There are 2 protein chains.
Amino acid sequence: MKLSTKGRYGLRAMIDLAINAKDSQISIKNISERQNISENYLEQIIAILKKNGFVKSCRGAQGGYSLNVETVNISVGDILRALEGDLNPVDCITVNDEVQCSESELCVTKYVWKRISDSINDVVDNITLEDLVQEQERIDACNPSK
Amino acid sequence: MKLSTKGRYGLRAMIDLAINAKDSQISIKNISERQNISENYLEQIIAILKKNGFVKSCRGAQGGYSLNVETVNISVGDILRALEGDLNPVDCITVNDEVQCSESELCVTKYVWKRISDSINDVVDNITLEDLVQEQERIDACNPSK
DNA sequence: TTTAATTCCTACTAAAAGAGTAGGATTTAT
DNA sequence: ATAAATCCTACTCTTTTAGTAGGAATTAAA
């Protein structure tokens, strides 16, 4: 029941981009140094974010990445689901569609999984990237060392 | 961000015990046939439940397992945490104790993880085994085939 | 008192997922 | 031209997951 580093690193990368690529662009190297994440690995994570339309890139020297969305228009849920897949605790709950599990008609645990799933999604869909950026900037203001 | 089979099978085993070992005891074989879970594997899962004091056993022929707690006094959260470990989405949040992560002072994502964690635990702590048993018996009543 | 049914215990294993490494191709500002 | 960057994809090492296997100990019933 853990998030992988993809989700964790990816969210940090998005916050980093929001703060440090406000009206320019920043390189992978740049982010990876600040966030202590391997360059190569971060590259793969940002590729996913780009594929989802959350960041844009410029190639070549002095190139880099910046956000492709407004921070108020993207939620933590959008970011985590892009990186982790759905946030359901088990695969047998699909809300509108068919359910995979053959026992589903008779299986009562699915109600538990559904409620967990709903509560997780409710939390992450109600935190925007902007919320985190503001909180981060508040923290940074008190720690001028970094 | 998935539960393992331990948590899923274990919860089903607890429901099965609550329903089928009301005033007797039932064997692993019995449960495993009903629930379609490998006998050997289920044995290991039930060993964990026993170690946590949720089930008791009688050895020897005609032996078996039964619940060691009242269904109203045990929550889904108790069961899942015993089988899966804590239900936090990342390891860097410990509520009262020290936090592992060295960046925690400066890291804003921990607020997200804390909120997810709280919401998951809130859900599972507010569903008792009794709730699931009642729901299951309601379903079974409409499906006399099984 | 033997036998069969059962829990108990622990070691092993195959497959998948997680977390990167590695390195070359392409693009572009200087 | 060159250096700095993204882009792309294959490989690898480690850990976790989901079991399998099999023998020892216990006990009700024949």
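Remember, predicted model here, so these are calculated numbers, not experimental data. In the text below, chain A, chain B and the rest are named by the order of the sequence lines, each starting its count at 1.
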Would you indicate, yes or no, if [N] has its OP1 or OP2 atom less than 4.0 angstrom from a side-chain nitrogen or oxygen of [X]?
X        : N       : result
Ser57(B) : dC8(C)  : yes
Ser4(B)  : dA18(D) : yes
Ser38(B) : dA18(D) : no
Tyr9(A)  : dG20(C) : yes

In whole Å, I'd like the distance from the [atom1] atom of [X] to the [atom2] atom of [N].
X        : N       : atom1 : atom2 : value
Glu39(B) : dC8(C)  : CD    : P     : 14 Å
Ile37(B) : dT20(D) : CD1   : P     : 12 Å
Ile28(A) : dC8(D)  : CD1   : P     : 13 Å
Gln25(B) : dA5(C)  : CD    : P     : 16 Å
Ile48(B) : dT10(C) : CD1   : P     : 14 Å
Tyr65(A) : dC7(D)  : OH    : C1'   : 7 Å
Tyr41(B) : dA14(C) : OH    : P     : 17 Å
Arg8(A)  : dG18(C) : CZ    : P     : 12 Å

Might you work through the side chain to side chain contact (heavy atoms under 4.5 Å, CB included) test for Met14(B) and Val55(B), ending with a clear yes or no?
CA-CA 8 Å; Met14(B) 287 292 283; Val55(B) 307; 3.8 Å; yes

Across the strands shown, which category fits Lys50(B) at heavy-atom distances under 4.0 angstrom: base, sugar-phosphate, nothing?
sugar-phosphate

Using a 4.0 Å heavy-atom cut-off, does Ile46(B) contact any base of the nucleic acid, only the sugar-phosphate backbone, or nothing at all?
nothing

Quick check: do Leu87(B) and Ile116(A) have side-chain heavy atoms less than 4.5 Å from each other?
no

Between Asp16(A) and Arg12(A), does at least one N-O distance fall below 4.0 Å, as a salt bridge requires?
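Between Arg12(A) and Asp16(A) there is no salt bridge, as every charged N stays at least 4.0 Å from the carboxylate O atoms.
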
Any ion pair linking Arg8(B) and Asp91(A) (charged N to carboxylate O, less than 4.0 Å)?
no

Hey, could you give me the CD1/OG1 distance between Ile15(B) and Thr71(B), rounded to the nearest 0.5 Å?
11.0 Å

Residue pair Ser119(B) / Asp122(B), side-chain donor-acceptor N/O under 3.5 Å:
no

So which of Ile45(A), Asn52(A), Leu11(A) actually passes side chain to side chain contact (heavy atoms under 4.5 Å, CB included) with Leu83(A)?
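It is Ile45(A), the one option of Ile45(A), Asn52(A), Leu11(A) that forms the side chain to side chain contact (heavy atoms under 4.5 Å, CB included) with Leu83(A).
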
Can you check nucleotides 23-30 of chain C for protein contacts, nitrogen or oxygen pairs under 3.5 Å, and list what you find?
| unit_1 | atom_1 | unit_2 | atom_2 | d |
| --- | --- | --- | --- | --- |
| dT26(C) | O2 | Arg59(A) | NH2 | 3.0 |
| dT28(C) | O2 | Ala61(A) | N | 3.4 |
| dA29(C) | O4' | Ala61(A) | O | 3.3 |

Determine whether any donor atom in the side chain of Gln44(B) lies under 3.5 Å from an acceptor atom in the base of dT20(D), or the reverse, and answer yes or no.
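By the distance-only test, yes, there is a pair.
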
Shortest side-chain distance from Thr5(A), nucleotide among dC8(C), dA19(C), dG19(D):
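The nucleotide sitting nearest to the side chain is dA19(C).
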
